[in-house]
Chemist: 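Once you've had a glance at the structure underneath, I'll fire off some questions.
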2 protein chains.
Amino acid sequence: MTVTIYDVAREANVSMATVSRVVNGNPNVKPTTRKKVLATIEQLGYRPNAVARGLASKKTTTVGAIIPDISSIFFSELARGIEDIATMYKYNVILSNSDQNKDKELTLINTMLEKQVDGILFMGGTITEDHINQFKTANVPVVLAATYDDTKEMASVNIDYEEAAYEATKHLIEKEPNQPAFVTGSEETSINRYKFNGYKRALEEANISFNESLVVEGDYSYDSGIEAVKQIIELQEKPSSIFVVSDEMALGVIHGAQDMGYKVPEDFQVFGFNNTRLATMIRPTLSTVVQPMYDIGAVAMRLLTKYMNKEEVAEKNVVLPHRIEIRDSTL
Amino acid sequence: MTVTIYDVAREANVSMATVSRVVNGNPNVKPTTRKKVLATIEQLGYRPNAVARGLASKKTTTVGAIIPDISSIFFSELARGIEDIATMYKYNVILSNSDQNKDKELTLINTMLEKQVDGILFMGGTITEDHINQFKTANVPVVLAATYDDTKEMASVNIDYEEAAYEATKHLIEKEPNQPAFVTGSEETSINRYKFNGYKRALEEANISFNESLVVEGDYSYDSGIEAVKQIIELQEKPSSIFVVSDEMALGVIHGAQDMGYKVPEDFQVFGFNNTRLATMIRPTLSTVVQPMYDIGAVAMRLLTKYMNKEEVAEKNVVLPHRIEIRDSTL
DNA sequence: ATGAAAGCGCTAACAT
DNA sequence: ATGTTAGCGCTTTCAT
């Protein structure tokens, strides 16, 4: 039924070893026999079985990628970076969504390890000891992308979130020297803590006292941005600017404000984070922190290939450059 | 080094067959021995090798998904539907981007077949004979998602694009009885032809003569929407409404018009397609055709599981319901 | 340059 | 209920 290497060997009057050699491009084959083998491969319609190869060679040329939500504009961009580099290095990727749910994450890691992936790319909110232990049961490399492990034990690719948030906040304060509201995500997520620290540092540096009630927690969605700005507008002392940790939520903030008759940036400056495509798909266009999502994915995958090939790695915790892009949602 | 089923068998004083049975939940195992085996599995840290299992059983519980571009807001939503149902049925998915490039598509199909996927989900613009031939070399089922095969040979999940476009156009015409501009994608893509047919039918039904110059081709991107509207505005006889085949491009059309001082919907009504999250992330909110992307992915994956399980399939060309959502970008 | 043979870790009859 | 035994299709020494 299915054509195997053995069938090809028989038809071509060679041994399976020889067929294996030509399939794998081993130079130790006489051109004539190579040609003969290639011809019968074509004729028989032979297709190598990667599963059998994987069992014999202990390499699957497949990596696993665990991602919170592929339908998010942020992560899908990251995934594209991963995929492109994976393709470039001849790897396939098994992609799975975790919804940042710890149990799912742990299960997924296990499933991927069962499938004998050659490496794992992990994106998530929080890295716990359980995660690290689970990873240690693997004898394959793991790289975190846009994900922080406070212990720095694991290889990772990120930007400097603290500094980026600091710069954004500073920009806001320079225009209007009072405390911007801070619309963030769960404080369980390390990255949000770093962003908060940067925000706080900018305040302290400008001698602006910190008012807890200007910190609002959302879930990164557009709707939660609308909710957040409603809450902010009801405050006794309204801020004159709002720093939002994701672009999508920032769009919600802008539209929420506009829908209630406020003007951006005149009544509220709004600063986003990530520079997703959304940032220019709104009026006023969104000032935001440029986080190179695609590059983070690409670099993370590249780093993983180095580990998989047992190459030397100069820096296991890669920090990619970020910058601030000022558009029309700020003064 | 790695613990195998054989190690577990030896330690637990049973045969590998018994270990295999407990691992696979076969009921023909005495509770006591099951317990014993489970204990030594735990103790030894045994993890089943899915590659070996795949080779022996000829099933990998992995499916392949070929998608034009995972970073697109449209396809990433579709992918999420696929992933969720795949997870529900215990499949993993190898996801790869094709950029709608025929060679890449053909290569990807081949690679996935080499990896012995149990089925393939395909999303793309054009299905050629080469595609169909390539699929035929597979002895695994294939399902098309949001993709048309004019021969109807292949299983697929879609909506009725012709009818949907007809309804949208009709709505526009009812408000303003003249020809709307039509901003579309490549006419090589069958789906665009169906949409065009629906648009045309609505015109004919209303006895509106068709002017070719009101048809503009874009590439679905925001920027190409901006370009398209620029081109439309330069026309001798400007239309009073614009039907755009993708939401993202429709946002470009709206902002392009607004940036030039026009009002939506007063100067131009704008109608989108897909109802991606973007549709409510703009002011005015976008009237659009609701295409259930997530459901298309989910239903396609479900259909694939049926084929993989050799279940009876009532309808191989599934047409999901669509509807029109009127928001503020139309009168 | 080519071949022979031993696995890789598991499933699936078949036997008991 | 449990064990025995062939493979699954390939890679990889080791010979020649």
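Keep in mind that what you see is a predicted model, and the values were worked out from it rather than measured. Throughout, protein chains are lettered first and strands after them, A, B, ... in sequence-line order, and every chain is numbered starting at 1.
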Chemist: Provide, to the nearest angstrom, the distance between the CZ atom belonging to Arg53(A) and the P atom belonging to dC8(D).
Modeler: 18 Å
Chemist: Between dC10(C), dG9(D), dT4(D), which one does the side chain of Ser15(B) approach most closely?
Modeler: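 Of dC10(C), dG9(D), dT4(D), dT4(D) is nearest to the side chain of Ser15(B).
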Chemist: Should the pair Lys102(A)-Glu188(A) be classified as a salt bridge under the 4.0 Å nitrogen-to-oxygen rule?
Modeler: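 Judged by the 4.0 Å cut-off on N to carboxylate O distance, Lys102(A) and Glu188(A) do not form a salt bridge.
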Chemist: Nearest to the side chain of Ala52(B), which nucleotide is it out of dT11(D), dA1(D), dG9(C)?
Modeler: dG9(C)
Chemist: Regarding Val14(A), tell me which of base, sugar-phosphate or nothing describes its non-hydrogen contacts under 4.0 Å with the strands shown.
Modeler: sugar-phosphate
Chemist: Give Asn28(B) one of three labels, base, sugar-phosphate or nothing, depending on what nucleic acid heavy atoms sit under 4.0 Å from its own.
Modeler: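 Touches a base.
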Chemist: Rounded to whole angstroms, how far apart are CG on Asp7(B) and P on dG9(C)?
Modeler: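 The answer, rounded to whole Å, is 9 Å.
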Chemist: Rounded to the nearest angstrom, tell me the gap between atom NZ in Lys59(B) and atom P in dT11(C).
Modeler: 13 Å
Chemist: Could you give the distance from CG (Leu44(B)) to CD (Glu11(B)), rounded to the nearest 0.5 Å?
Modeler: 5.5 Å
Chemist: May I ask you to check whether Phe135(A) and Phe122(A) place their ring centers less than 6.0 Å from one another?
Modeler: yes
Chemist: Hey, is Asp99(B) close enough to Arg80(A) for a salt bridge, meaning N to O under 4.0 Å?
Modeler: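 The answer is yes: the pair qualifies as a salt bridge.
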Chemist: Would you please confirm or rule out a distance under 4.0 Å between OP1 or OP2 of dT2(D) and any side-chain N or O of Thr33(B)?
Modeler: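 It does, given that an N or O in the side chain of Thr33(B) lies less than 4.0 Å from OP1 or OP2 of dT2(D).
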Chemist: Send over the distance from Asn49(A) CG to dG7(D) C1', rounded to a whole Å.
Modeler: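 It is 14 Å, rounded to the nearest whole Å.
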Chemist: I want to verify a distance call: between dT11(D), dC8(D), dG3(D), whose nearest atom is closest to the Met16(A) side chain?
Modeler: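 For the Met16(A) side chain, the nearest candidate turns out to be dT11(D).
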Chemist: Report the distance from atom CD1 of Ile5(A) to atom P of dC8(D), rounded to the nearest whole Å.
Modeler: 14 Å
Chemist: Name the closest nucleotide to the Ala56(A) side chain, picking from dC8(D), dT2(D), dC8(C).
Modeler: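 The answer is dC8(C), which lies nearest to the side chain.
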Chemist: Find the distance Tyr46(B):OH to dC10(C):C1' and express it as a whole number of Å.
Modeler: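 Rounding to the nearest Å, OH of Tyr46(B) and C1' of dC10(C) are 7 Å apart.
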Chemist: In this structure, how many angstroms lie between the C1' atom of dG9(C) and the CD atom of Gln116(B), rounded?
Modeler: 17 Å
Chemist: Decide side chain to side chain contact (heavy atoms under 4.5 Å, CB included) for Thr87(B) and Lys104(A); before the verdict, give the C-alpha distance in whole Å, the side-chain angles of both, and the deciding distance to 0.1 Å.
Modeler: CA-CA 11 Å; Thr87(B) 302; Lys104(A) 276 198 208 172; over 6 Å; no
Chemist: For Arg21(A) and dG3(C), what is the distance between atoms CZ and P respectively, to the nearest whole Å?
Modeler: 8 Å
Chemist: Considering only side-chain heavy atoms of Ala17(B), which listed nucleotide, dT4(D), dT2(C), dT11(C), is closest?
Modeler: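 Of all the options, the side chain of Ala17(B) is nearest to dT4(D).
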Chemist: Indicate, with a heavy-atom threshold strictly under 4.0 Å, whether Val23(B) touches base, sugar-phosphate, or nothing.
Modeler: nothing
